[in-house]
**Q** 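Handing you a structure now.
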Amino acid sequence: MKTRYFFDMDGTLTEWREINLKFNKSEEVENINNIQKRLYDILKSPGYYKTLKPQQEVLDLANKLIDEGKEVFILSCFIPNSPCLEEKKEWLHKYMPKLSVDNQIFIPDGYGDEKHEYIPFVYKAINDIEDIVNKGEVLYFNECDLISYKSILHNFEKIDTNDILIDDHTPNCVAWEKYENSTAIKLFNNINGKKGNWKGNTLFFDDKNLYDDLINIAEDLDKEDIELEK
């Protein structure tokens, strides 16, 4: 089964920049809405995302996978109505120039969507479909596409993949593993992981053996698939 690698950006490929908010005495610090607004004002400011430093070991890992011909995707949120999206694309162009723009998936923040809803599923046409596809051709659909093409999906055969998410945020990892053939790996970056809630696969951002550790996890998944097929 083919393995695909999905990398988060903030806190995974890039540093997690800590933000210290300063409040006047007259401001109510306990007001969550006020805190969130101040935080978003900083995150939406021009230059914030494109100046984030890469976490070099993780960046080298992603680029090495691309160089080896493995299927690598970016799966990252952005704040609408801000420079965030374009700056993230600019960052990827600078640090991951070999990554296809087709493999850059961005999710609008604030809608409660799960990352898995945006990944492309692989389908092979088993019949010719006039004006759409030829038999044997491979197409990619996400969740929304599957709804739109529901009436013709009987002409396609789904190709299973092992989908690995590398992310620093536990809720993203937990949500990812609800889906079939989907494995999350939490990346520890010296800021997160203090609560100890995540019990699954882990990687450390400054580990010099990141590549070997990730490949070992992927190979273990392949062995599990082989055992299930017996």
**Q** Is it the case that the side chain of Ser148 and the backbone of Leu146 share a donor-acceptor pair, with hydrogens and angles ignored and the cut-off at 3.5 Å?
**A** no

**Q** If I compare all heavy atoms of Pro83 with all of Lys44, which pair ends up nearest, and what's the gap?
**A**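 Smallest interatomic distance, heavy atoms only, reads CD-O, 3.1 Å.
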
**Q** Show your reasoning for whether side-chain contact (heavy atoms from CB on, under 4.5 Å) applies to Leu165 and Asp163.
**A** CA-CA 7 Å; Leu165 173 70; Asp163 294 325; over 6 Å; no

**Q** If you measure from CZ on Phe204 to NZ on Lys186, what distance do you get to the nearest 0.5 Å?
**A** 10.5 Å

**Q** If I take atom CG from residue Leu214 and atom CG from residue Leu61, how far apart are they, to the nearest 0.5 angstrom?
**A**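 Those atoms lie 5.5 Å apart.
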
**Q** Residues in side-chain contact (heavy atoms from CB on, under 4.5 Å) with Gln55, at least two apart?
**A**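 With neighbours one apart ignored, the set is Val58, Leu187, Asn189, Phe205.
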
**Q** Determine the minimum heavy-atom distance between Lys50 and Glu87, stating which atoms define it.
**A** N-OE1, 3.1 Å

**Q** To check you understand the geometry: which heavy-atom pair defines the closest contact between Leu43 and Tyr49, and what is its length?
**A** O-CE1, 3.1 Å

**Q** Is Lys158 atom NZ crowded by more than 12 heavy atoms from other residues, nucleotides or ligands, each under 6.0 Å away?
**A** yes

**Q** Determine whether more than 12 heavy atoms belonging to other residues, nucleotides or ligands lie under 6.0 Å from atom CG of Asn81.
**A**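 Not buried by this count: 12 neighbours or fewer within 6.0 Å.
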
**Q** Look up atom CH2 in Trp16 and atom CE in Met9, then write down how far apart they are to the nearest 0.5 Å.
**A** 12.5 Å

**Q** What do the steps show when you test Thr3 against Lys70 for side-chain contact (heavy atoms from CB on, under 4.5 Å), and what is the final call?
**A** CA-CA 8 Å; Thr3 299; Lys70 294 181 172 62; over 6 Å; no

**Q** Side-chain contact test, heavy atoms from C-beta onward, threshold under 4.5 Å: evaluate it for Val138 versus Tyr140 and give yes or no.
**A**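 Val138 vs Tyr140: side chains touch.
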
**Q** Grouping I, L, V, M, F, W and Y whenever their side-chain heavy atoms are under 4.5 Å apart, do Leu59 and Ile164 come out in a common cluster?
**A**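 Yes, one cluster joins them.
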
**Q** Using a 3.5 Å distance criterion without hydrogens, assess whether the side chain of Asp8 forms a donor-acceptor pair with backbone atoms of Ile166.
**A** no

**Q** Scan side-chain atoms only and decide if Asp167 and Asn172 contain a donor-acceptor pair under the 3.5 Å cut-off.
**A** yes

**Q** Do Leu99 and Leu85 share a hydrophobic cluster, counting only Ile, Leu, Val, Met, Phe, Trp and Tyr and linking them when any side-chain heavy atoms are less than 4.5 Å apart?
**A** yes

**Q** Are the side chain of Glu177 and the backbone N or O of Ala184 linked by a donor-acceptor pair below 3.5 Å?
**A**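 Indeed, once roles are kept as given, a pair shorter than 3.5 Å links the two residues.
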
**Q** State whether the number of non-hydrogen atoms from other residues, nucleotides or ligands found under 6.0 Å of Glu68 atom CD is greater than 12.
**A** yes

**Q** If Ile, Leu, Val, Met, Phe, Trp and Tyr residues are connected whenever their side-chain heavy atoms lie under 4.5 Å apart, and connections chain through other members, are Leu153 and Val122 in the same group?
**A**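 In one cluster with Leu153: Val122, no.
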
**Q** For a side-chain contact (heavy atoms from CB on, under 4.5 Å) with Ile74, tell me which candidate from Thr12, Leu13, Ile105 qualifies.
**A** Leu13

**Q** Do you know the tightest heavy-atom contact between Ser76 and Asp10?
**A**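 What the structure gives for the nearest pair is OG-OD1, 3.5 Å.
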
**Q** Can you classify the ring geometry of Tyr179 versus His116 as parallel (below 30°), tilted (30 to 60°) or perpendicular (above 60°)?
**A**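 Answer is parallel, since the angle falls under 30°.
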
**Q** Measure the CD1-CD distance between Ile66 and Glu71 for me, rounded to the nearest 0.5 Å.
**A**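 Result: 11.0 Å between the selected atoms.
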
**Q** Please round to the nearest 0.5 Å and tell me the distance separating atom CG of Leu92 and atom CG of Asn103.
**A**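 Output value for this atom pair is 11.0 Å.
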
**Q** Check whether the ring centres of Phe121 and Phe141 lie less than 6.0 Å apart, and answer yes or no.
**A**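 Ring centroids of Phe121 and Phe141 are no less than 6.0 Å from each other.
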
**Q** State, to 0.1 Å, how close Tyr118 and Pro108 come at their nearest heavy-atom pair, and which atoms those are.
**A** OH-CD, 3.8 Å

**Q** Hydrophobic side-chain clustering at under 4.5 Å (ILVMFWY, transitive links): who's grouped with Val174? Put none if nobody.
**A** Trp198

**Q** Parallel under 30°, tilted from 30 to 60°, perpendicular over 60°: which one fits the rings of Phe6 and Phe73?
**A** parallel

**Q** Spell out, as yes or no, whether a donor-acceptor pair under 3.5 Å connects the side chain of Asn63 to the backbone of Pro97.
**A**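 Looks like no, no N/O pair under 3.5 Å.
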
**Q** State yes or no: do Tyr123 and Ile129 share one hydrophobic cluster built from I, L, V, M, F, W and Y residues joined by side-chain heavy-atom distances below 4.5 Å, directly or via other members?
**A**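 Hydrophobic grouping puts Tyr123 with Ile129.
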
**Q** Between OG1 of Thr14 and CH2 of Trp91, what distance do you get to the nearest 0.5 Å?
**A**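 So the OG1 of Thr14 and the CH2 of Trp91 are separated by 6.0 Å.
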
**Q** Quick one, Leu75 with Trp176, criterion side-chain contact (heavy atoms from CB on, under 4.5 Å). Give me CA distance, side-chain angles, the key distance, then yes/no.
**A** CA-CA 12 Å; Leu75 195 54; Trp176 188 267; 3.4 Å; yes

**Q** Please lay out, stage by stage, how Met96 and Gln104 fare under the test side-chain contact (heavy atoms from CB on, under 4.5 Å).
**A** CA-CA 11 Å; Met96 299 181 68; Gln104 300 175 21; over 6 Å; no

**Q** Taking all atoms of both residues into account, what is the closest heavy-atom pair of Lys115 and Cys77, and its distance?
**A** CE-SG, 4.4 Å

